[in-house]
Amino acid sequence: MRATQFLIATEKETPADAVVISHQLMLRSGMIRKLAAGLYTWMPLGLRTLRKVENIVREEMNRVGAQEVLMPMVQPAELWEETGRWFQYGGELMRIKDRHNREFCIGPTAEEVITDLARNNLSSYKQLPMNLYQVQTKFRDETRPRFGVMRAREFIMKDAYSFHANEECLQKTYEQMHAAYCNIFNRLGLDFRPVLADTGSIGGASSHEFHVLAESGEDDIAFSSASDYAANVELAEAIAPAGERPTATQTLEKVATPNTSSIEDVAQLLNVATSQVLKAIVVRGISEAEDAEEGDAGEPVVLFIRGDHELNEIKAEKLPGVLSPVQFASEEEIQSIGGVTGYVGPQNLSARCYVDRSAAHLADFVCGANEKDMHMTGSNWERDVALPEVADLRNVVAGDPSPCGQGTIDIKRGIEVGHIFQLGTKYSEALNAKVLDENGKDRVMTMGCYGIGVSRVVAAAIEQNNDENGILWPDAIAPFHVGIVPMNMHKSEEVREVAEKLYADLTAAGIEVYMDDRDKKTSPGVKFADMELMGIPHRVVISDRGLKEGKVEYKARRAEDKEEIAAEDILALLQERISL
RNA sequence: CGGGGUAUAGCGCAGUCUGGUAGCGCGCUUGGUUUGGGACCAAGAUGUCGGGAGUUCGAAUCUCUCUACCCCGACCA
């Protein structure tokens, strides 16, 4: 590609509304342009990389026997009503009507459509397992789109769905897909980790997310310092502190703590560590009334954790009696169980209580006295107040012992670029997707599903590969492999000839070249800066000065220094240096 | 959805308080000079000042209203 024929849309200044580096660089390099909130046009430069990511994903999917399909982006409401998701899915589901007033949605995912396809086209266990995938535009009407294509409303996802006659077969495909995902992210040149993930409302034996490690990530990942263990913090188990609970040394006392309801303030006032203060969180319970609708709030439930810890809402909402999703109780509800907002403690509460493992290990702790402006000090479980049911309620923190039994927890930020699930029969049952088994009996198919956020991968790769001058593409997904800068092409016939020949030779060798043939009005500095911003990994500068000695200049985008290379050797050198 | 903010040329911004014919830098066009790191000189083009209504002799500026976008939070397979 010649610069004079290419839509170059580089910007010198950082656009005002881009916060994360990938978004800034994608705009500045001219990869994308915004159309509206969460909607982006892929420019020629960006599309080249996007397509490369897609193709790597395709190759690895095909390699494990998955077959590509392409399903409509617009999906009929009827299918979503069959699975109940038309009503469950919130505002994220973009619902539309056609001219006949029939309801449709723009697909945020395709379980319904693929399961419908399977029920209509699969009839025998002999056809299983079957793994189908597509690379398709998805739409989720995010409450707050941000970070460019990282959390856009319209995005490109590879979604695969597998169908099986039994669990064992699903397990096998799941493992193959896990391996395929590792191959994909390795080929993309990313620093990533598969991590254990919450199986959510779907359930199933296991689920893994694939995270690209980056500071700007929106998820916290817990790692073991001594093993391969990695889990989303949402899921990572906080294990009980080692050893016996320390013995009580203080006596129980009620102390005045006027206007100090926050943990920080109480700890400061009483001169103790926040870890010695018991935090009480009152949440809504599930209604047990006869006529209650599902999801109605009932008697509040009190959760106790250590003052220095954070409640894990995912863990909390799985507790018996706790309303899911977690909702905090109102002041009135807290009063109804004998508590006072800001001063809730375990003594004399008439509510179901849970205590976190670490909080259960406390001795001589400070807690609310259930009276305004009063706290208890020297509180001890069992001596002063019964120990409630002990549960894992909190987020793990750095330094916690790892739940795998080896090492301690370290926490890093990650960008979720892939997620694999064992769906089981949730959708196949709802949509009645059955095949005949060996005995001629109907059998509901077992399913798996496997997503990769293709457009998000592009942003994630930039988050991990950039410097002060721009993007540092790995060769595998670079929009061009080589950039050629011919110096003074307009004056030097020799430079022109050598540059054109190299351009032709590289192209013939299957190497993608960007030659900056812009005229003398575009200074070399601008050409260098543009190439660096665009992240082209290999650069060749051809000049009269070099050619006098039969040399051209080569520089890798990531290298500190330039190299002088004999002109006749440059093609071979590039072929050797480019790793695809 | 709650809180905060912004909207002026392709991009980044000033001008708004205190009303008086629309400005700067970058980019763009033309000509010339320059030529290995975002060049210089000269001449240009580009704006319904987010939309609507109002106040006023006169509104980018004041008032009301709508919209879009951004940030924090809540939400999120």
Side-chain angles (χ1 to χ4, degrees), chain A residues 8-20 23-24 27-28 30 33-39 83 85 88-93 107-112 138-148 150-153 155 157 159-161 197-204 207-209 218-219 232 234 313-314 325-328 416-423 426-427 448-453 456 468-470 485-492 495 516 518-533 539-547 552-553 555 562 564:
Chain A
I8 299 168
T10 52
E11 299 277 355
K12 203 181 282 187
E13 288 181 88
T14 302
D17 56 7
V19 178
V20 295
H23 188 196
Q24 293 174 354
L27 288 167
R28 281 193 54 209
R33 283 292 180 263
K34 184 172 80 172
L35 179 65
L39 302 177
T83 59
R85 288 211 290 182
Q88 285 163 17
Y89 229 98
E92 234 178 282
L93 184 66
T109 173
E111 281 83 6
E112 279 79 3
K138 302 291 189 302
F139 194 96
R140 291 182 191 168
D141 198 357
E142 293 281 348
T143 44
R144 186 144 94 84
R146 63 189 130 168
F147 306 154
M150 198 111 93
R151 181 172 287 280
R153 293 194 292 174
F155 58 99
M157 181 163 94
D159 47 327
Y161 306 86
D198 184 36
T199 50
S201 52
I202 294 159
S207 174
H208 287 84
E209 290 169 348
E218 295 185 270
D219 287 282
N232 196 307
E234 287 177 349
E313 296 189 16
I314 299 208
V326 165
Q327 286 181 25
F328 298 106
E416 184 189 352
V417 289
H419 198 161
I420 59 177
F421 271 98
Q422 298 185 13
L423 289 177
K426 180 181 160 105
Y427 297 97
C449 94
Y450 319 88
I452 290 181
R456 182 182 280 183
E468 66 280 7
N469 295 318
V485 183
M487 304 294 296
N488 294 318
M489 202 181 181
H490 61 290
K491 282 208 306 217
S492 167
V495 166
D516 202 333
R518 283 180 289 179
D519 68 15
K520 57 183 181 174
K521 282 283 189 186
T522 306
S523 73
V526 170
K527 296 180 180 181
F528 294 147
D530 274 355
M531 271 183 197
E532 283 156 6
L533 182 57
R539 185 184 79 189
V540 178
V541 180
I542 298 168
S543 66
D544 267 330
R545 199 174 75 188
L547 289 178
V552 296
E553 176 196 297
K555 182 177 176 297
K562 306 159 186 169
E564 294 294 326

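The chains referred to below are lettered A, B, ... by the order of the sequence lines, with proteins before strands, and numbering in each begins at 1.
The gap from the P atom of B:C66 to that of B:U30 amounts to 47 Å, rounded to the nearest Å. Taking the C1' atom of each, B:U8 and B:G25 are spaced 15 Å apart, rounded to whole Å. With C1' as the reference atom, B:G20 and B:U16 are 14 Å apart, rounded to whole Å. Nucleotides B:G19 and B:U63 are separated by 12 Å at their P atoms, to the nearest Å. Taking the C1' atoms as reference points, B:U46 lies 9 Å from B:G10, given to the whole Å. Straight-line distance between the C1' atoms of B:C76 and B:A9: roughly 39 Å, to the nearest whole Å. Separation of the P atoms belonging to B:U55 and B:A42 is 48 Å when rounded to the nearest angstrom. If you take atom C1' in B:U21 and the same atom in B:G58, they sit 10 Å apart, rounded to whole Å.
Under a 3.5 Å cut-off, the side chain of A:R28 and the backbone N or O of A:E11 do form a donor-acceptor pair.
In this structure, A:Q88 reaches neither bases nor backbone, as no heavy-atom distance under 4.0 Å exists between it and the strands shown. Contact annotation for A:K34: backbone-only contact, meaning every heavy-atom pair under 4.0 Å involves sugar-phosphate atoms and none involves a base. Across all strands shown, A:R518 has no heavy atoms under 4.0 Å from either base or sugar-phosphate atoms. In this structure, A:H490 reaches the bases: a heavy-atom distance under 4.0 Å links it to at least one base atom across the strands shown. The residue A:A37 sits close only to the backbone: its heavy atoms come under 4.0 Å of sugar-phosphate atoms, none of a base.
Between the side chains of A:E112 and A:T83, at least one donor-acceptor pair of N or O atoms lies under 3.5 Å.
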### Task
Could you check A:R456 against A:E416 for side chain to side chain contact (heavy atoms under 4.5 Å, CB included), going step by step and ending with a plain yes or no?
CA-CA 9 Å; A:R456 182 182 280 183; A:E416 184 189 352; 4.0 Å; yes

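Remark: P of B:C76 and CZ of A:F155 are 16 Å apart, rounded to the nearest angstrom.
One finds a salt bridge joining A:D17 and A:K34 here, because a Lys/Arg side-chain nitrogen approaches an Asp/Glu carboxylate oxygen to under 4.0 Å.
Between A:R144 and B:A74, a side-chain N or O to OP1/OP2 separation shorter than 4.0 Å is absent.
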